[in-house]
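We count residues from 1, following the sequence as given. Worth saying up front: this structure is predicted, and the values here are computed from it rather than measured.
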Amino acid sequence: MVKKLALLFMLFLLPSLASAQQIDVRFLDIDQYIMAKDNVTLIDVRSTTSRNRSKLEIPGEVWINPKSGAALDSFLASADKDTSYVVFCSCPDDNYSIRTAQILAKNGF
């Protein structure tokens, strides 16, 4: 049985290009993610150490090593900007997920 993890999920939806720098960002709990999972792509930005320690992966997730600029650049170059994404990490302060969401938003996601 999968335990409910104390991970915060960050969902960011495509902002209107006409609007100012405002981005629709919100935190989701596990139950909210489960309800939305068919309409979003999950991005895992946990570190290699954290992934190896937990041995948990979610089917269909995209992993971006948060310590690799090349991994993020590759994702940015190939990802669909019309898709909604959920970004998660296991950082105590959600640093990796927040930073990744900011970068994605800055790049038009």
Side-chain angles (χ1 to χ4, degrees):
M1 179 174 172
V2 177
K3 295 181 181 178
K4 283 192 177 182
L5 302 176
L7 298 176
L8 291 178
F9 290 89
M10 178 172 286
L11 172 66
F12 56 97
L13 305 172
L14 219 101
S16 167
L17 297 177
S19 69
Q21 300 285 36
Q22 186 142 28
I23 302 166
D24 181 11
V25 177
R26 59 187 162 157
F27 287 91
L28 302 175
D29 63 27
I30 298 258
D31 293 330
Q32 291 170 316
Y33 165 71
I34 289 171
M35 291 188 331
K37 72 178 182 167
D38 294 333
N39 300 313
V40 299
T41 298
L42 186 65
I43 301 174
D44 177 355
V45 291
R46 292 177 294 162
S47 68
T48 304
T49 303
S50 179
R51 283 174 57 90
N52 290 339
R53 191 177 316 136
S54 74
K55 298 183 171 109
L56 295 175
E57 292 183 28
I58 299 169
E61 75 180 19
V62 174
W63 178 60
I64 300 175
N65 183 343
K67 296 182 180 183
S68 170
L72 182 56
D73 290 343
S74 176
F75 178 83
L76 292 172
S78 64
D80 181 2
K81 291 185 178 182
D82 291 327
T83 298
S84 293
Y85 295 91
V86 173
V87 180
F88 79 97
C89 67
S90 57
C91 310
D93 297 319
D94 305 306
N95 292 333
Y96 290 151
S97 61
I98 291 169
R99 182 67 185 134
T100 301
Q102 290 171 334
I103 291 168
L104 291 171
K106 182 178 176 182
N107 283 276
F109 287 82

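Here the side chains of D94 and F27 are in contact, with some heavy-atom distance below 4.5 Å. Residues I43 and F88 fail the side-chain proximity criterion, which asks for heavy atoms closer than 4.5 Å. Using a 4.5 Å heavy-atom threshold, the side chains of N65 and T48 count as touching.
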Run L104 and V87 through side chain to side chain contact (heavy atoms under 4.5 Å, CB included) and show every step you take. CA-CA 10 Å; L104 291 171; V87 180; 4.2 Å; yes
After noting the C-alpha distance and the side-chain angles of L76 and I103, does the key distance pass the side chain to side chain contact (heavy atoms under 4.5 Å, CB included) rule? CA-CA 9 Å; L76 292 172; I103 291 168; 4.1 Å; yes
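No path of Ile, Leu, Val, Met, Phe, Trp and Tyr side chains, each step under 4.5 Å between heavy atoms, connects M35 with V86, placing them in separate hydrophobic clusters. Cluster membership for Y96 and W63, using ILVMFWY side-chain heavy atoms within less than 4.5 angstrom, is not shared.
The distance from atom CD of Q102 to atom OG of S97, rounded to the nearest 0.5 Å, is 9.5 Å. The distance from atom CG of L42 to atom CD of E57, rounded to the nearest 0.5 Å, is 11.0 Å. With values rounded to the nearest 0.5 angstrom, I64 atom CD1 is found 5.5 Å from L72 atom CG. Note that CD1 of I98 and SG of C89 are 7.5 Å apart. Values are rounded to the nearest 0.5 Å. Taken from OG in S90 to CG in L56, the straight-line distance is 10.5 Å, to the nearest 0.5 Å.
Aromatic pair F75/Y85: centroids less than 6.0 angstrom apart.
A71 and S68 get closest at one heavy-atom pair: N-OG, 3.1 Å.
The closest donor-acceptor contact from the side chain of S78 to the backbone of S74 lies under 3.5 Å. For the pair D80 (side chain) and D82 (backbone), a donor-acceptor distance under 3.5 Å is present.
R51 has a carboxylate O that lies under 4.0 Å from a charged side-chain N of E61, or vice versa, which qualifies the two as a salt bridge.
For the residue pair T83/T41, the side-chain donor-acceptor check at 3.5 Å is not satisfied.
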